[in-house]
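First up is the structure itself, then whatever we jot down about it.
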2 protein chains.
Amino acid sequence: MFDRLDPLLHSELRLAVMSVLIGSDEADFVYLRQQTGATAGNLSVQLDKLAAAGYITVEKGFQGKKPRTTCRVTDTGRAAFAAYVESLRSYIGK
Amino acid sequence: MFDRLDPLLHSELRLAVMSVLIGSDEADFVYLRQQTGATAGNLSVQLDKLAAAGYITVEKGFQGKKPRTTCRVTDTGRAAFAAYVESLRSYIGK
DNA sequence: TAAACAAGTTTACTTTATAAACCAAATAAA
DNA sequence: TTTATTTGGTTTATAAAGTAAACTTGTTTA
């Protein structure tokens with residue numbers, strides 16, 4: 001009756017991150033922090049988990065002399081997000 | 001940008017329970033177990049939490065000689081569920 | 001009357017989430 | 001120029017959740 005909810009996506013912050021990335025296709029750490037309002041520590045941990053699952057890629061580089069961490073959603077991540085949203089329907093209707 | 005998600009409802013099992021109760025208005029422990037597929041222990045714990053929050057009422061009685069635990073959603077619970085679903089929109093769109 | 005079953009609850013353990021502390025490099029202030 | 005301060009994070013420690021397994025109480029069945 002109820003679909004299982006992907007535990008990786010069923011997390012407030014990870015879901016917000018995926019939402020931003022799906023909308024903007026690329027976002028850096030600072031931007032994600034602004035958009036989600038998360039603490040840096042929490043964001044760092046959750047990005048690692050999403051990357052470990054292959055839902056996003058995390059690229060560390062520099063912009064001038066400042067470090068810059070750029071994230072992108074993968075096809076796997078996109079598919080997982082779509083499936084998660086679809087599963088949610090069994091809980092919330094429509 | 002993203003609404004906070006009510007942590008009491010942002011739980012797979014508690015959300016499923018609320019979903020069942022909102023649909024059927026009254027459900028006993030055994031029925032909830034069937035519908036959600038949860039273990040009895042987990043269901044027991046999560047019902048307690050929903051009741052503690054005032055989202056449901058839990059009534060213990062007997063049906064013949066067998067104990068029977070009947071749950072109902074409260075107005076508070078209904079409102080919280082509606083708010084939760086609304087908040088989810090900021091994450092998943094539509 | 002002893003074994004099995006039903007309906008839960010409690011306990012113990014594992015996993016998550018999160019904040020706080022920390023670090024290294026760059027920039028600004030004294 | 002040394003000393004704060006800020007930026008962009010990571011690591012660590014703790015609290016909260018989720019869950020299974022064991023337990024309880026009473027009932028039915030063999």
Side-chain angles (χ1 to χ4, degrees), chain A residues 2-21 26-53 55-72 80 84 87 91, chain B residues 2-21 26-53 55-72 80 84 87 91:
Chain A
F2 293 99
D3 291 358
R4 299 310 313 269
L5 296 175
D6 181 346
L8 244 133
L9 293 181
H10 196 63
S11 143
E12 189 167 352
L13 181 50
R14 289 195 300 266
L15 193 63
V17 166
M18 290 295 287
S19 182
V20 170
L21 290 179
E26 165 183 324
D28 63 25
F29 193 94
V30 173
Y31 181 75
L32 285 172
R33 203 149 132 52
Q34 285 167 354
Q35 294 299 306
T36 61
T39 60
N42 194 10
L43 183 55
S44 176
V45 169
Q46 306 310 330
L47 288 180
D48 278 357
K49 289 184 187 174
L50 288 171
Y55 288 2
I56 66 170
T57 58
V58 177
E59 208 188 316
K60 283 153 204 302
F62 284 86
Q63 178 166 248
K65 289 176 176 175
K66 288 184 181 171
R68 179 167 201 252
T69 298
T70 307
C71 305
R72 285 187 189 77
Y84 173 80
S87 294
Y91 293 80
Chain B
F2 293 99
D3 291 359
R4 299 310 313 266
L5 296 176
D6 180 345
L8 244 133
L9 293 181
H10 196 64
S11 142
E12 189 167 353
L13 181 49
R14 289 194 300 268
L15 194 61
V17 165
M18 290 294 288
S19 180
V20 170
L21 290 179
E26 165 183 323
D28 63 24
F29 193 95
V30 173
Y31 181 74
L32 285 172
R33 203 149 131 50
Q34 285 167 356
Q35 294 298 306
T36 61
T39 60
N42 194 10
L43 183 56
S44 177
V45 170
Q46 306 311 329
L47 288 180
D48 277 358
K49 289 184 187 172
L50 288 171
Y55 288 2
I56 65 170
T57 58
V58 177
E59 207 187 318
K60 283 152 203 303
F62 284 86
Q63 178 166 251
K65 290 177 176 176
K66 287 184 181 171
R68 179 167 200 254
T69 300
T70 307
C71 304
R72 285 188 189 76
Y84 173 79
S87 293
Y91 293 79

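In this text the structure is predicted, and so the values were computed from the model without any measurement. Below, chains carry the letters A, B, ... as their sequence lines are ordered, and counting in each starts from 1. These values consider heavy atoms only, across backbone and side chains, with no hydrogens, waters or symmetry-generated copies.
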For B:Leu8 and C:dA17, what is the distance between atoms CG and P respectively, to the nearest whole Å? 16 Å

Rounded to the nearest Å, what distance is computed from the CG atom of residue B:Asn42 to the P atom of nucleotide C:dA7? 18 Å

When B:Thr70 and A:Ser11 are each assigned the nearest nucleotide of DNA chain C, the 5'-most assignment goes to B:Thr70

OP1 or OP2 of D:dG9 sitting under 4.0 Å from any side-chain N/O of A:Ser44? no

CG of A:Asp28 versus P of D:dG8: gap in Å, rounded? 8 Å

Can you tell which of D:dG9, D:dA17, D:dT27 lies closest to the side chain of A:Ala40? D:dG9

Quick one: B:Leu47 CG to D:dG18 P, roughly how many Å, whole number? 13 Å

Length of the CZ-P vector between A:Phe29 and D:dG9, whole Å: 6 Å

Between A:Arg33 and A:Ala38 (side chain of the first, backbone of the second, donor and acceptor by atom type, cut-off under 3.5 Å), is there such a pair? yes

In whole Å, I'd like the distance from the NE2 atom of B:His10 to the P atom of D:dA16. 18 Å

Minimal heavy-atom distance between B:Arg14 and B:Pro7, with the atoms involved, is NH2-O, 3.1 Å

With a 4.0 Å cut-off on heavy atoms, is B:Arg68 in touch with a base, just the backbone sugar-phosphate, or nothing at all? sugar-phosphate

Return the 5'-most residue of the pair A:Phe62, B:Pro67 with respect to DNA chain C, ranking by each residue's nearest nucleotide. B:Pro67

Any A:Lys60 side-chain nitrogen or oxygen under 4.0 Å from OP1 or OP2 of D:dT10: yes

For a quick test of reading the model, state the closest non-hydrogen atom pair linking B:Ser87 to B:Arg4 and the distance between them. OG-O, 3.8 Å

In whole Å, I'd like the distance from the CD atom of A:Gln34 to the C1' atom of D:dG9. 15 Å

Indicate the atoms forming the closest heavy-atom contact of A:Phe2 with B:Ala16, along with that distance. CZ-O, 3.6 Å

Remember a base hit wins even if backbone is also touched, and classify A:Val45 as base, sugar-phosphate or nothing at under 4.0 Å, heavy atoms. base

For B:Gly41 and for A:Lys66, find the nucleotide of DNA chain D with the closest heavy atom, then tell me which residue's nucleotide is more 5'. A:Lys66

A:Gln46 CD to D:dT11 C1', in whole Å, measures 14 Å

D:dG8, OP1 or OP2 - any side-chain N/O from A:Thr69 closer than 4.0 Å? no

Has the side chain of B:Tyr91 got a donor or acceptor atom that lies under 3.5 Å from a matching backbone atom of A:Leu13? no

Does a nitrogen or oxygen in the side chain of A:Lys49 sit under 4.0 Å from OP1 or OP2 of C:dA17? yes

